[in-house]
There are 2 protein chains.
Amino acid sequence: MNDIKKDNTEDKILKAAKTIFIRKGMDGARMQEIADEAGINKALLHYYFRSKQKLFEAIFSNLLNQIFPNISSILLSTKPIEEKIELFVENYIEMLLQNPYLPAFVLKEINRDSDFFENTFKSNRIDLSQLLLMFENEMKAGNIRKMNPRDLIANLLAMCIFPFAAKPLLKLLLFNDDHENYNRFLEERKKTITEFALNSILPK
Amino acid sequence: MNDIKKDNTEDKILKAAKTIFIRKGMDGARMQEIADEAGINKALLHYYFRSKQKLFEAIFSNLLNQIFPNISSILLSTKPIEEKIELFVENYIEMLLQNPYLPAFVLKEINRDSDFFENTFKSNRIDLSQLLLMFENEMKAGNIRKMNPRDLIANLLAMCIFPFAAKPLLKLLLFNDDHENYNRFLEERKKTITEFALNSILPK
DNA sequence: TTTAAATTTGACCATCTGGTTAAACCTTTT
DNA sequence: AAAAGGTTTAACCAGATGGTCAAATTTAAA
């Protein structure tokens with residue numbers, strides 16, 4: 001009975017702030033713009049959240065917590081490695097298709113204020129050591145060729161995320177600015193990234 | 001005798017602006033900061049370049065022109081495909097090691113004002129069609145397996161650029177924030193990216 | 001040397017923006 | 001119904017910032 005009060009101003013603010021912050025970033029977003037998006041007075045933002053910084057922290061921290069756990073769970077399942085990677089890539093690309101602004105936003109913000117990012121990140125206790133271990137075990141078992149597992153993680157993330165973060169550039173370079181074509185390309189990458197990676201890491 | 005006049009204020013401004021813009025981005029950079037970096041009065045910036053926008057355009061346009069041509073030239077040489085890819089990756093990573101702020105800066109700016117980016121980009125006439133053709137020919141000749149050459153280009157760029165653009169994140173995730181270790185990782189990727197890609201695309 | 005033109009500067013302006021405050025309004029309690 | 005507490009608003013403020021301008025200074029031309 002606390003969730004569905006009436007219009008719940010706080011939630012309206014959070015939703016509006018998320019929209020605006022992701023689209024414009026911390027620097028580019030205006031408090032007035034967020035207020036307009038939420039359909040409220042600007043002073044109300046400061047009533048519920050003390051400052052722009054605090055409001056941003058709420059959004060950003062929540063976002064980090066939301067993204068990472070879902071991802072590693074797939075890779076830590078007991079399925080065969082081919083399937084784990086296939087499912088991971090499919091899920092990740094699908095999530096990015098639903099949140100196309102996310103990559104550029106996150107990259108922008110982690111580079112803007114590294115200290116702030118490190119703090120919010122560390123306090124959210126995200127940990128990839130299990131993931132590294134899993135890949136090492138797959139290598140020992142001879143299921144995939146030996147390599148630095150960090151390279152494998154970096155490559156998978158890179159191939160998934162980069163085409164979204166660099167969309168304006170790649171769309172122009174590879175598809176002459178054809179929006180439809182580029183989105184189809186992104187959709188197809190669920191398959192092509194998996195192929196590319198498995199071709200590289202599966203023993204011959 | 002036009003290049004080495006005296007201190008050449010215009011060059012000092014361009015150099016300072018490049019430094020500040022790449023580090024802070026268009027939004028984050030202050031004209032005063034650029035003036036300080038150049039060791040001149042703020043009004044002089046407006047004397048040489050009419051506005052912040054114009055100054056930024058000069059920097060950004062020049063940067064785009066500088067980056068792309070060097071890159072495709074290697075891939076368009078007549079060397080065998082393994083060597084072309086190896087040299088490309090080595091050169092690209094080396095360039096990024098020399099300009100570590102570049103990836104985050106470019107990604108930020110192409111997503112900030114897409115229209116402006118498209119215009120400056122189109123007027124610089126950068127064209128990848130030869131590159132696509134080259135890869136298609138290598139496939140037809142059976143030197144590499146058949147795939148969409150756009151995926152190959154996207155994957156190569158992604159694997160090279162992403163670890164620089166996402167440095168604060170990956171450094172924390174993969175190396176517990178150890179700067180030295182992460183830089184070694186980046187350096188080693190000259191080899192590991194090449195391996196990863198060739199393993200995937202060379203016929204078995 | 002004098003004059004004209006180009007360059008450089010300090011002071012200033014208009015605007016934008018995050019944030020504050022006192023008053024108005026609504027909801028709940030007594 | 002009246003008091004109290006929580007919510008919302010309009011008006012306002014201080015600082016930052018891109019940009020302008022007239023005057024001063026330096027350089028080049030006559």
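Letters go in sequence order (proteins before strands), and every chain restarts at 1.
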Rounded to the nearest Å, what distance is computed from the [atom1] atom of residue [X] to the [atom2] atom of nucleotide [N]?
X	N	atom1	atom2	result
A:Q53	C:dG19	CD	C1'	14 Å
A:L45	C:dT17	CG	C1'	13 Å
A:I13	D:dT9	CD1	P	10 Å
A:Y48	C:dG19	OH	C1'	18 Å
A:R30	C:dT15	CZ	C1'	13 Å
A:I20	C:dT17	CD1	P	13 Å
B:Y47	D:dA22	OH	P	16 Å
A:L44	C:dT20	CG	C1'	14 Å

Task: A:Q32 versus A:D36, side-chain donor and acceptor atoms under 3.5 Å - done: yes
Open item on the list: So does B:I74 get a backbone contact from the side chain of B:K79, meaning a donor-acceptor N/O pair under 3.5 Å?
Closed with: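 Such a contact is absent between B:K79 side chain and B:I74 backbone.
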Open item on the list: For D:dT8 and A:T9 - does any side-chain N or O of the residue sit under 4.0 Å from the phosphate oxygens OP1/OP2?
Closed with: yes
Open item on the list: At less than 4.0 Å, is any side-chain N or O atom of B:S51 found next to OP1 or OP2 of D:dG18? Yes or no.
Closed with: no
Which nucleotide in the set [options] lies at the smallest distance from any side-chain heavy atom of [X]?
X	options	value
A:A43	D:dT9, C:dG10, D:dG19	D:dT9
B:M31	D:dG19, C:dT9, C:dT17	D:dG19
B:N41	D:dT8, C:dG10, C:dG19	C:dG10
A:H46	D:dG18, C:dT20, D:dT7	C:dT20

TODO: Answer yes or no on whether A:R112 is positioned over the face of A:F117, meaning its NZ or CZ is under 6.0 Å from the six-membered ring centre and within 45° of the axis.
DONE: no
Task: Ion pair check, A:K24 and A:E33, cut-off under 4.0 Å - done: yes
Task: Presence of salt bridge, B:E188 and B:K191, under 4.0 angstrom - done: no
Task: Polar side-chain contact B:K42-D:dG19 base: donor and acceptor under 3.5 Å - done: yes
